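Sequence lines set the chain letters: A, B, ... in the order given, protein chains first and strands last, and positions in each chain run from 1. What you see is a predicted model; the values in this text were computed from it and never measured.
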Number of protein chains: 2
Amino acid sequence: MTTPMLTKNQSLVFDVLTKAEAPLSAYTILDKLRDQGFRAPLQVYRALDKLLEYGVVHRLESINSFVACAHPNEDCHSHGLVAFAICESCGQVIEFHDHEVDHRLMDWLKSQKFKAEKSTIEIRGHCANCAA
Amino acid sequence: MTTPMLTKNQSLVFDVLTKAEAPLSAYTILDKLRDQGFRAPLQVYRALDKLLEYGVVHRLESINSFVACAHPNEDCHSHGLVAFAICESCGQVIEFHDHEVDHRLMDWLKSQKFKAEKSTIEIRGHCANCAA
DNA sequence: TTGCACACGTTATAGCATAACGCAATTGAT
DNA sequence: ATCAATTGCGTTATGCTATAACGTGTGCAA
Ligand SMILES: [Zn+2]
Ligand SMILES: [Zn+2]
Ligand SMILES: [Zn+2]
Ligand SMILES: [Zn+2]
């Protein structure tokens with residue numbers, strides 16, 4: 001999908017996520033944007049919905065948080081799965097793709113005649129810096 | 001892990017999940033157990049915590065729900081990843097394992113010196129019955 | 001002009017999860 | 001037997017996450 005011009009609210013939310021060093025919850029984003037006039041959760045969620053739709057932001061299901069896409073210009077998102085390694089100490093997220101994993105999963109789903117629409121691959125643990 | 005004797009509350013929650021044909025949210029479980037004396041969410045969450053610890057129940061992060069393990073007697077859980085295909089029409093969940101996927105992901109994590117602790121692989125879509 | 005699509009703002013509500021307190025039963029050492 | 005530690009349980013209150021429902025304004029095309 002080609003990303004259209006972002007609206008004011010969408011830009012504000014996207015900027016906050018881009019500058020963050022770890023994924024943020026919707027309410028944390030709200031707090032960071034109160035000075036720019038944000039007052040209600042819906043202002044954040046509506047912006048996030050669009051940013052997710054455009055593929056420039058990912059939702060991390062296992063921690064109810066959002067993160068800016070680390071590879072916005074690669075086309076992997078359109079034909080492959082995205083995976084995340086999430087450090088539970090420092091919060092850092094590594095976004096990665098593996099076509100071998102994609103194909104294995106897709107083949108399995110195909111063998112079950114299961115029609116995949118959205119996928120979630122998230123590994124929680126400790127990054128190289130934080131590992132004991 | 002060898003599963004110890006379940007307490008009364010744990011058994012009630014486990015039975016509800018075992019009989020269900022789709023994953024259940026904690027509050028849905030609570031409603032189903034009001035007749036057996038359940039009154040508060042914590043009664044459910046505390047039982048679920050133990051059942052998750054024993055590995056007889058899985059949590060589906062992407063839909064905030066819980067499901068009984070479909071392969072309670074296989075040892076895959078101890079050394080491999082578990083994946084779920086979740087039908088968004090009928091709610092049915094297929095739990096599966098793929099060692100090839102496991103190894104690919106584990107190799108990648110190892111290459112990053114990332115120490116994995118918990119994993120989530122969930123594919124949402126439509127099962128063979130529900131696909132248009 | 002009229003109708004539609006879209007972004008936005010606000011209030012209220014729904015849904016998911018845990019904190020903090022106290023009590024009772026069990027266990028295991030002293 | 002007694003004490004301390006652990007575990008499960010019940011209750012109340014609270015916090016976090018997400019959406020429903022209403023109304024406003026703006027731009028654009030028929
Ligand atoms: Zn991405
Ligand atoms: Zn870290
Ligand atoms: Zn299982
Ligand atoms: Zn189905």
Side-chain angles (χ1 to χ4, degrees), chain A residues 1-17 20 22-54 56-67 86 88 91 118 120 122 124, chain B residues 1-17 20 22-54 56-67 86 88 91 118 120 122 124:
Chain A
M1 161 167 332
T2 164
T3 305
M5 204 60 190
L6 297 184
T7 67
K8 178 158 174 271
N9 285 5
Q10 288 160 19
S11 293
L12 287 167
V13 169
F14 184 61
D15 283 353
V16 165
L17 283 176
L24 301 177
S25 77
Y27 278 73
T28 302
I29 296 170
L30 173 58
D31 286 340
K32 287 181 182 293
L33 288 175
R34 289 202 186 275
D35 290 345
Q36 340 293 329
F38 273 49
R39 300 261 146 257
L42 257 196
Q43 295 176 281
V44 177
Y45 281 110
R46 287 204 271 232
L48 285 172
D49 281 347
K50 286 299 179 182
L51 295 171
L52 290 168
E53 183 185 327
Y54 303 153
V56 295
V57 161
H58 297 292
R59 175 194 177 88
L60 300 178
E61 310 274 4
S62 66
I63 56 175
N64 295 317
S65 294
F66 303 85
V67 67
I86 305 168
E88 293 185 317
K118 298 177 186 174
T120 299
E122 298 175 17
R124 269 109 51 232
Chain B
M1 160 168 329
T2 165
T3 305
M5 204 58 189
L6 297 184
T7 67
K8 180 161 173 268
N9 284 5
Q10 288 160 19
S11 293
L12 288 167
V13 169
F14 184 61
D15 284 353
V16 166
L17 282 176
L24 301 177
S25 76
Y27 277 72
T28 303
I29 296 171
L30 174 57
D31 286 339
K32 287 181 181 294
L33 288 175
R34 289 204 186 273
D35 290 345
Q36 338 293 328
F38 273 49
R39 301 259 145 257
L42 258 195
Q43 296 176 280
V44 177
Y45 281 109
R46 288 204 272 231
L48 286 172
D49 282 347
K50 286 298 181 184
L51 296 171
L52 290 168
E53 182 185 329
Y54 303 154
V56 295
V57 161
H58 297 292
R59 177 195 175 88
L60 301 178
E61 311 274 5
S62 66
I63 56 175
N64 295 319
S65 294
F66 303 85
V67 68
I86 305 167
E88 293 186 315
K118 297 178 186 173
T120 299
E122 299 175 18
R124 270 109 49 229

Return the value, rounded to whole Å, for the distance between atom [atom1] of [X] and atom [atom2] of [N].
{"X": "A:Asp31", "N": "D:dC16", "atom1": "CG", "atom2": "C1'", "value": "12 Å"}
{"X": "B:Gln10", "N": "D:dG10", "atom1": "CD", "atom2": "P", "value": "12 Å"}
{"X": "B:Leu6", "N": "D:dC9", "atom1": "CG", "atom2": "C1'", "value": "16 Å"}
{"X": "A:Leu60", "N": "D:dT17", "atom1": "CG", "atom2": "C1'", "value": "15 Å"}
{"X": "A:Gln36", "N": "C:dG9", "atom1": "CD", "atom2": "C1'", "value": "17 Å"}
{"X": "A:Leu24", "N": "D:dC16", "atom1": "CG", "atom2": "C1'", "value": "15 Å"}
{"X": "B:Gln43", "N": "C:dT18", "atom1": "CD", "atom2": "C1'", "value": "15 Å"}
{"X": "A:Phe38", "N": "C:dT10", "atom1": "CZ", "atom2": "P", "value": "11 Å"}

Rounded distance [0.5 Å steps], [atom1] in [X] versus [atom2] in [Y]:
{"X": "A:Leu12", "Y": "A:Leu6", "atom1": "CG", "atom2": "CG", "answer": "10.0 Å"}
{"X": "B:Asn9", "Y": "B:Gln36", "atom1": "CG", "atom2": "CD", "answer": "10.5 Å"}
{"X": "B:Lys50", "Y": "B:Thr7", "atom1": "NZ", "atom2": "OG1", "answer": "9.5 Å"}
{"X": "A:Tyr45", "Y": "A:Phe66", "atom1": "OH", "atom2": "CZ", "answer": "6.0 Å"}

Between A:Thr120 and B:Arg124, do the side chains contain an N or O donor and an N or O acceptor separated by less than 3.5 Å?
yes
Any non-hydrogen side-chain atom of B:Ile63 less than 4.5 Å from a side-chain atom of A:Glu61?
no
Please pick, from D:dG10, C:dT10, D:dT11, the nucleotide with the shortest atom-to-atom distance to any side-chain atom of B:Arg39.
D:dT11
Ignoring the backbone of B:Leu42, work out which of C:dC8, D:dG8, C:dT18 is nearest its side chain.
C:dT18
Spell out protein contact along nucleotides 12-17 of chain C as letters: B when the base is contacted, S when just the sugar-phosphate is, - when no protein heavy atom is under 4.0 Å; keep the 5' to 3' order.
----BB
Which of these passes side chain to side chain contact (heavy atoms under 4.5 Å, CB included) with B:Val57: B:Val13, B:Val67, B:Leu51, B:Asp49?
B:Leu51
Give A:Arg46 one of three labels, base, sugar-phosphate or nothing, depending on what nucleic acid heavy atoms sit under 4.0 Å from its own.
base
Short side-chain N/O contact to D:dC9 OP1/OP2 from B:Lys8, under 4.0 Å:
no
